[in-house]
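See structure below.
Residue numbers start from 1 in every chain, and the chains themselves are labelled A, B, ... in the order their sequence lines are given, proteins ahead of strands. Keep in mind it's a predicted model, so treat the numbers as computed, not measured.
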Number of protein chains: 2
Amino acid sequence: MDTALDGAIRVFCERGYHATSIGDLTAAMRLATGSVYKAFRDKHAVFLGAFGRYTAVRVEQTRRAAARGANGRERVRHVLLSYVEHSQGAEGRRGCMVVGSAVELSAVDPEMRARVTAQLKTNEAFIAGLIREGQADGSIPGHVDADDTARLMICMTQGLRVVGKARLPLDGERLAGVAMKLLA
Amino acid sequence: MDTALDGAIRVFCERGYHATSIGDLTAAMRLATGSVYKAFRDKHAVFLGAFGRYTAVRVEQTRRAAARGANGRERVRHVLLSYVEHSQGAEGRRGCMVVGSAVELSAVDPEMRARVTAQLKTNEAFIAGLIREGQADGSIPGHVDADDTARLMICMTQGLRVVGKARLPLDGERLAGVAMKLLA
DNA sequence: TTTATTTGGGAACATTCATTCCCTAATATA
DNA sequence: TATATTAGGGAATGAATGTTCCCAAATAAA
């Protein structure tokens, strides 16, 4: 089931919700039409399932990236580096399902909008937490506003996925280096 | 014609390309089906026309915002403030056509991807120019890397449109204030 | 005034889509 | 072994989509 959802994630990331046909889904999930509808009520339910798995995986990847840092400041830096990395290459061209859902569905699908905003707030709270850790361990100055800075960084990370999907090259070290000024 | 395109822009921003039916378009453009196809070859051509007008209007608005600043640094600040403003309220919920096209079409429509990257590069070059102006007039330190900083700011602005479409509240003064640290 | 020409409108058409239905094979149950 | 239940596959279906075709009104030309 998870491997089928991984296929759905791939095609939903790349083409979005509306441009993905059931035919695209059955090919990507390696399941016949009837089997898809036996496992999910409809296309929307497949999307919801894929979105849930996508966010779970991404949250875990981001947490692992943060864990590579020895203090709060370094943990923020590794999170930013991780975002740049995921915004590039094959995965970057494929795109982010949160960004895609926000852009394509949040105006017309209240349920998806709620899930998107929830995910954004989770990510934002995670970064704000890292900033506060850094202030506690002395690696980030106390005058930095954790909430405002985290919100701006969320904008940066979501924007990275947009720019990455448009295939502009992104240099992780340089961009993260500049972004770390926000913690000065 | 421009007023018809404005209607098309409205609906394309809100729903994107694939979720916008010809019925949606005729309603928004106040034109019958036949009239739309007399003015444009097909739906894709309507989208191209709307995209062209959208970017022209947005570039002009951004230039006007920049002109409100007395030096390079202030001009950058006003551009950021303008982006936050446009990412909020009714326009923010409607969404940005460049972001929407990047996310929905750049993987499947090479022509649109080219237009999107061209627009992103134009915006980026504009901001980089403002930074260099600031370095010339002394309002921005010379050690700031104009290109890297501009690219990061483009990510921020595109991300603002994503977050704004998801309806998270954005405080222009606070966010722009934090972002100005990038020019330190 | 009469005749072309253009402009706007909407019904008709073919295609594509999401969904349902039913069949077959495999596994579990008795 | 015989039967019941599940899982998977794919054709059939009805709705919706993009596009074309043709009509009617208005304007320009004769």
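In this structure A:K38 satisfies the side-chain contact (heavy atoms from CB on, under 4.5 Å) test with no other residue, sequence neighbours excluded. Qualifying side chain to side chain donor-acceptor pair (under 3.5 Å) partners for A:D147, counting only residues two or more places apart in sequence or in other chains: A:R132.
Using a 4.0 Å cutoff on non-hydrogen atoms, the parts of residues 20-43 of chain B near DNA chain D are B:T20, B:S21, B:I22, B:T33, B:Y37, B:D42, B:K43, ordered by number.
A donor-acceptor distance shorter than 3.5 angstrom exists from the side chain of A:K43 to the backbone of A:T20, with no hydrogens or angles considered.
For A:R73 and A:D137, the salt-bridge test fails: no basic side-chain N is under 4.0 Å from an acidic carboxylate O.
Looking only at side-chain heavy atoms (C-beta outward), A:L168 and B:K121 come within less than 4.5 Å of each other.
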